[in-house]
*Asks:* 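Supplied in structure tokens, the structure appears directly below.
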2 protein chains.
Amino acid sequence: MSAQMPEIPWHKPRKAEPRQPLSRSLIVETAVRVLDAEGLSGVTMRRVAQELGTGPASLYAHVSNKEELFELVLERVVSEIRLPPRPEPERWKEQVTEICFEAQRVLTSHRDVSLVSLGSIPLGESQLTITEFLLDLLLRVGLPPQVAAWALDGLGQLIDTDAYEASVYSERIARGTDIHQYFGQLHSFLLALPTDRFPRLQGMADTMVTGDGDERYAFKIEVFLRGLESYLPTDADTGTGTGTDPHTAARAAAPAAPAARRRLDA
Amino acid sequence: MSAQMPEIPWHKPRKAEPRQPLSRSLIVETAVRVLDAEGLSGVTMRRVAQELGTGPASLYAHVSNKEELFELVLERVVSEIRLPPRPEPERWKEQVTEICFEAQRVLTSHRDVSLVSLGSIPLGESQLTITEFLLDLLLRVGLPPQVAAWALDGLGQLIDTDAYEASVYSERIARGTDIHQYFGQLHSFLLALPTDRFPRLQGMADTMVTGDGDERYAFKIEVFLRGLESYLPTDADTGTGTGTDPHTAARAAAPAAPAARRRLDA
DNA sequence: TCCTTGGACGAACACTGTTCTACGAGTCGA
DNA sequence: TCGACTCGTAGAACAGTGTTCGTCCAAGGA
């Protein structure tokens, strides 16, 4: 480096570095970096702004909200999920399972970002692409359209919830809690339950703590898929058309839901 | 009211009202009241303390954390869930469905309290009571113990996630969003999707927005229960003993989970 | 050339959870 | 009866938070 000239006093430079200008994508990328480093609760407007060498007010020119920033971050993360090249209806259950695990892999690799996904309808481009793929797959299998549509809800919830739960564990062990000790404590807690009030839980303490996150996740997916399988039309129905003739027996899906309405008052 | 005498000056009352002393349960009850009035984000230490006519520091003598307060609140809410008088294995699917809807009724009647329940293992007394009931019911039906144990996980997640989702909608319509207009916008959004990239979603826009929260909830429960049903031992196996002989075919539950381990680094 | 416009940003507002420290009343032993 | 010694009650403060206001400056159009 050459010798640097002193600043002329009355030039008051105010910003020595000619930083690259702010932009939506730059902010989102920085937020993802902060997310990976410090978790979702570490992603504050100040923290992101500081990482960009500016103040929090500067972000509001490109992002209207912290909530909007979070949704942009989620969409960016979801875009990392890779889909299979093409749907394979003959092994649809395996393929759905693979997608679920791929989604969980990506989501949990970004700490607890799945918390953002829990309350929001997935309308981002990547999220819609995944939904489209799954919907196409389920329809090709022969599931009635209404069943397939509603099944997407269930699958999405399964993925999000499990990813969030897994991230909670990750955060916990990141904070120093030994996972074996933790499950040991849980085990002895169950064993210490009063036998007269909790005979099943007390007696099945071993079984309750069996299986890690992946095993339990795989089980839940399998149960859901077996349930979906039961909605497939029988052989007698499928012999007619080109292959998929839905819209037939999807009405008996929901048993009479209790009349208890969600309260709609303001 | 009778005329009130003035205070004697040198008595310096300092607290006109002889408030009842603080206690854990009083704090929790107040927190629930604030929760019902202003939602979970409105439950702050200051708000609860103010409701009790004191400062936030006073709460920390009875509650170590805001997190602990939240869990106490959750346990209090869960204790409102009423269980059937006795398990009825012959109609287990209906009974599980009823419990799920009862749980959702209670949870959603307390705004977004289900958010607390999402990341925590249900170890409160009421939560354990519900778990014990469901576990007993599933075992009586004849499900293998490992299947029953893992199924509790799935049911709990289903209840919590759906309650949270329902509460998000409730909050949204409480903030003034018209729900019909909202679904209308969603519908036209799906219709406006490019047909070449999202043919299924675009073509099934009607089907996608069909059904309210209860219908979809009932569907997910039904799918899960049908999946569980497939784990029941066949008739050839059950003819031997008194009725329930588990621990047999529970091993093939989980298909080979991908080796992708959750990262365990600090 | 001036003038408008839009991004950048310091300061501030109204909050948050939590801790420190002092105060005051109650109880228990002497 | 009286001191000592707890323990619940709080005021004040600390280090944060999301968001807004008003100012500033540089670039672009007329």
Side-chain angles (χ1 to χ4, degrees), chain A residues 7-8 10-31 34-35 37-74 112 115-116 119-120 171 175, chain B residues 10-31 34-35 37-74 112 115-116 119-120 171 175:
Chain A
E7 295 283 342
I8 303 174
W10 53 87
H11 268 189
K12 50 173 177 178
R14 207 187 231 295
K15 268 300 158 200
E17 307 179 36
R19 289 190 356 273
Q20 57 178 317
L22 286 181
S23 74
R24 235 171 128 97
S25 59
L26 181 61
I27 290 175
V28 171
E29 217 148 310
T30 309
V34 175
L35 165 71
E38 313 183 16
L40 195 65
S41 68
V43 182
T44 68
M45 302 304 263
R46 278 179 171 78
R47 187 74 185 73
V48 173
Q50 172 195 331
E51 203 77 6
L52 288 165
T54 177
S58 306
L59 307 182
Y60 284 85
H62 305 90
V63 162
S64 64
N65 245 342
K66 194 187 150 179
E67 191 181 326
E68 184 180 308
L69 174 59
F70 274 8
E71 263 163 40
L72 292 172
V73 166
L74 175 67
D112 45 357
L115 187 55
V116 180
S120 65
E171 300 288 320
R175 289 209 203 301
Chain B
W10 52 86
H11 268 190
K12 51 173 176 179
R14 202 191 230 298
K15 271 297 161 200
E17 308 178 35
R19 289 193 354 275
Q20 55 180 316
L22 286 181
S23 74
R24 237 171 127 97
S25 60
L26 181 61
I27 291 175
V28 172
E29 218 148 309
T30 309
V34 175
L35 165 71
E38 312 183 17
L40 195 65
S41 67
V43 181
T44 68
M45 302 304 262
R46 276 179 172 77
R47 188 73 186 73
V48 173
Q50 173 195 331
E51 202 78 6
L52 288 164
T54 178
S58 306
L59 307 182
Y60 284 84
H62 305 90
V63 162
S64 65
N65 244 342
K66 194 187 151 178
E67 192 181 325
E68 184 180 308
L69 173 60
F70 274 8
E71 264 164 39
L72 292 172
V73 166
L74 175 66
D112 46 358
L115 187 57
V116 180
S120 65
E171 300 289 320
R175 290 211 202 298

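Worth saying up front: this structure is predicted, and the values here are computed from it rather than measured. In what follows, chains are A, B, ... by sequence order, proteins preceding strands, each numbered from 1. Worth knowing before you read on, the calculation uses all heavy atoms, side chains too, and leaves out hydrogens, waters and symmetry mates.
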*Asks:* Between C:dT18, D:dT19, C:dC9, which nucleotide has the shortest distance from any of its atoms to the side chain of B:Met45?
*Replies:* C:dT18

*Asks:* To the nearest angstrom, how far is B:Phe70 atom CZ from C:dT18 atom C1'?
*Replies:* 15 Å

*Asks:* Specify the separation, in whole Å, of atom CD of B:Gln50 and atom P of C:dG17.
*Replies:* 13 Å

*Asks:* Applying side chain to side chain contact (heavy atoms under 4.5 Å, CB included), can you list everything that pairs with B:Ser23, at least two apart in sequence or on another chain?
*Replies:* B:Ser25, B:Leu26

*Asks:* Taking only side-chain nitrogens and oxygens of B:Thr54, does any of them come within less than 4.0 Å of OP1 or OP2 of D:dA10?
*Replies:* yes

*Asks:* Using the side-chain heavy atoms of B:Tyr60, tell me which of these nucleotides is nearest: C:dG7, C:dG17, D:dT9.
*Replies:* C:dG17

*Asks:* Are any side-chain N or O atoms of A:Arg24 and backbone N or O atoms of A:His62, one a donor and one an acceptor, separated by less than 3.5 Å?
*Replies:* yes

*Asks:* Does a side-chain N or O from A:Ser58 land closer than 4.0 Å to OP1 or OP2 of C:dC9, or not?
*Replies:* yes

*Asks:* When the distance from CD1 of A:Ile27 to P of C:dG7 is rounded to whole Å, what number comes out?
*Replies:* 11 Å

*Asks:* Quick check: on DNA chain C, is the nucleotide nearest A:His62 upstream (toward 5') of the one nearest B:Val43, or the reverse? Name the residue that is more 5'.
*Replies:* A:His62

*Asks:* Take the protein atom CG of A:Leu22 and the nucleotide atom C1' of C:dG6, then report the distance between them rounded to whole Å.
*Replies:* 13 Å

*Asks:* Is the phosphate of C:dT16 approached by B:Thr44 (side-chain N or O, under 4.0 Å from OP1 or OP2)?
*Replies:* yes

*Asks:* Base of C:dG17, side chain of B:Arg46 - is there a donor-acceptor contact under 3.5 Å?
*Replies:* yes

*Asks:* Could you give the CG-to-P distance, from B:Leu59 to C:dT18, as a whole number of Å?
*Replies:* 11 Å

*Asks:* Could you check B:Leu72 against B:Val63 for side-chain contact (heavy atoms from CB on, under 4.5 Å), going step by step and ending with a plain yes or no?
*Replies:* CA-CA 9 Å; B:Leu72 292 172; B:Val63 162; 4.3 Å; yes

*Asks:* Between P on D:dT19 and CG on A:Leu69, what's the gap in Å once rounded to a whole number?
*Replies:* 10 Å

*Asks:* After noting the C-alpha distance and the side-chain angles of B:Leu115 and B:Phe70, does the key distance pass the side-chain contact (heavy atoms from CB on, under 4.5 Å) rule?
*Replies:* CA-CA 10 Å; B:Leu115 187 57; B:Phe70 274 8; over 6 Å; no

*Asks:* Is any side-chain N or O of A:Asn65 closer than 4.0 Å to OP1 or OP2 of D:dT19?
*Replies:* yes

*Asks:* In whole angstrom, give the distance that lies between atom CD of A:Glu67 and atom P of D:dT19.
*Replies:* 9 Å

*Asks:* Quick check: do A:Glu71 and A:Glu67 have side-chain heavy atoms less than 4.5 Å from each other?
*Replies:* yes

*Asks:* Assign each of A:Arg47 and A:Ala57 to its nearest nucleotide of DNA chain D by heavy atoms, then name whichever residue's nucleotide is nearer the 5' end.
*Replies:* A:Arg47

